[in-house]
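In what follows, chains are A, B, ... by sequence order, proteins preceding strands, each numbered from 1. Because the structure is a prediction, the values reported are computed rather than measured.
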Amino acid sequence: MNFWLMKSEPDAFSIDDLAERPEQTEHWDGVRNYQARNMMRDEMKIGDQVFFYHSNCSLPGIVGIAEVVKESQPDFTAFDPNDKHFDPKSNPDKPTWFMVEVKFVRKLLRTISLQELKQKTELADLALVRRGNRLSIMPVGQQQWDFILELE
DNA sequence: GCCAACGTTGGC
DNA sequence: GCCAACGTTGGC
């Protein structure tokens with residue numbers, strides 16, 4: 001089993017939004033970065049655990065846990081000219097972009113803030129806290145995962 | 001293939 | 001709103 005961190009702007013889609021979905025699941029559409037795509041397309045497997053991270057908000061940090069319930073499929077929002085994430089270079093015969101589906105597991109008891117994560121020497125290698133990292137999906141090591149959960 | 005211009009991300 | 005750090009685009 002692998003561990004991941006996925007960023008979302010709570011104004012657009014928050015952990016509560018995920019929890020309120022009918023099946024508490026949602027496909028992670030709109031990713032338009034090749035590194036992040038490759039992880040979803042090639043590496044994220046059913047059962048993998050995901051930290052749900054809120055970005056671009058008053059308190060950026062990890063707010064909950066989700067898990068992968070469906071492996072990669074073409075991101076259909078890329079095919080829709082009316083969609084915000086439309087990409088004319090992607091087509092159904094040869095999709096450029098992919099997405100996985102995640103399911104709500106639980107919220108953390110509190111937000112583990114970016115500021116707090118940055119202070120931990122144990123997390124110095126976590127992609128999230130490395131200089132200039134803008135990836136919206138990134139791997140988390142098992143030890144990092146366990147350490148972060150102990151902060152809760 | 002280089003690189004300047006531009007757009008985006010996301011913390012602050 | 002600012003701006004650093006990227007990634008992408010496109011002229012050459």
*Asks:* Please report the distance, rounded to the nearest Å, between CG in A/N133 and P in B/dC12.
*Replies:*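 After rounding, the gap between these two atoms is 14 Å.
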
*Asks:* Could you label the plane-to-plane angle of the A/H27 and A/F76 rings as parallel, tilted or perpendicular, counting under 30° as parallel and over 60° as perpendicular?
*Replies:* perpendicular

*Asks:* Establish, with yes or no, whether the OP1 or OP2 oxygen of B/dT8 is under 4.0 angstrom from a side-chain nitrogen or oxygen of A/K84.
*Replies:* no

*Asks:* Please tell me which of A/N56 and A/R134 maps to the more 5' nucleotide of DNA chain C, matching each residue to the nucleotide holding its nearest heavy atom.
*Replies:*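 Counting from the 5' end, the first nearest nucleotide belongs to A/N56.
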
*Asks:* Do A/L149 and A/I112 sit in the same hydrophobic cluster, where Ile, Leu, Val, Met, Phe, Trp and Tyr count as joined when their side-chain heavy atoms come under 4.5 Å apart?
*Replies:* yes

*Asks:* Using whole Å, report how far CZ of A/R130 lies from P of C/dA5.
*Replies:*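 Going from CZ in A/R130 over to P in C/dA5 covers 15 Å.
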
*Asks:* At under 4.0 Å, does any side-chain N or O of A/K89 touch on OP1 or OP2 of C/dT9?
*Replies:*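 Yes, because at least one side-chain N or O of A/K89 sits under 4.0 Å from OP1 or OP2 of C/dT9.
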
*Asks:* Take atom CG of A/D87 and atom P of B/dT8, then tell me their distance rounded to the nearest Å.
*Replies:* 13 Å

*Asks:* If only side-chain N and O atoms of A/K7 are considered, is one of them under 4.0 Å from the OP1 or OP2 phosphate oxygen of B/dT9?
*Replies:*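 Checking A/K7 against B/dT9: no side-chain N or O falls below 4.0 Å of OP1 or OP2.
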
*Asks:* If only side-chain N and O atoms of A/Y34 are considered, is one of them under 4.0 Å from the OP1 or OP2 phosphate oxygen of C/dC6?
*Replies:* no

*Asks:* When the distance from CE of A/M6 to P of B/dT9 is rounded to whole Å, what number comes out?
*Replies:*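 That distance rounds to 15 Å.
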
*Asks:* Please report the distance, rounded to the nearest Å, between CG in A/L117 and C1' in B/dC12.
*Replies:*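 Rounding to the nearest Å, CG of A/L117 and C1' of B/dC12 are 16 Å apart.
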
*Asks:* Send over the distance from A/H85 NE2 to B/dT8 P, rounded to a whole Å.
*Replies:* 12 Å

*Asks:* Pair A/W28, A/F52 - check ring pair (Phe, Tyr, Trp, His ring centres under 6.0 Å), show working.
*Replies:* CA-CA 12 Å; A/W28 208 264; A/F52 198 111; 5.6 Å; yes

*Asks:* For A/I137 and C/dC6, give me the distance from atom CD1 to atom C1', rounded to whole Å.
*Replies:* 17 Å

*Asks:* Distance check needed: C/dC6 P versus A/N33 CG, whole Å only.
*Replies:* 13 Å

*Asks:* Using side chain to side chain donor-acceptor pair (under 3.5 Å), reason through A/T77 and A/D75 one step at a time and then give a plain yes or no.
*Replies:* CA-CA 6 Å; A/T77 65; A/D75 181 343; 2.5 Å; yes

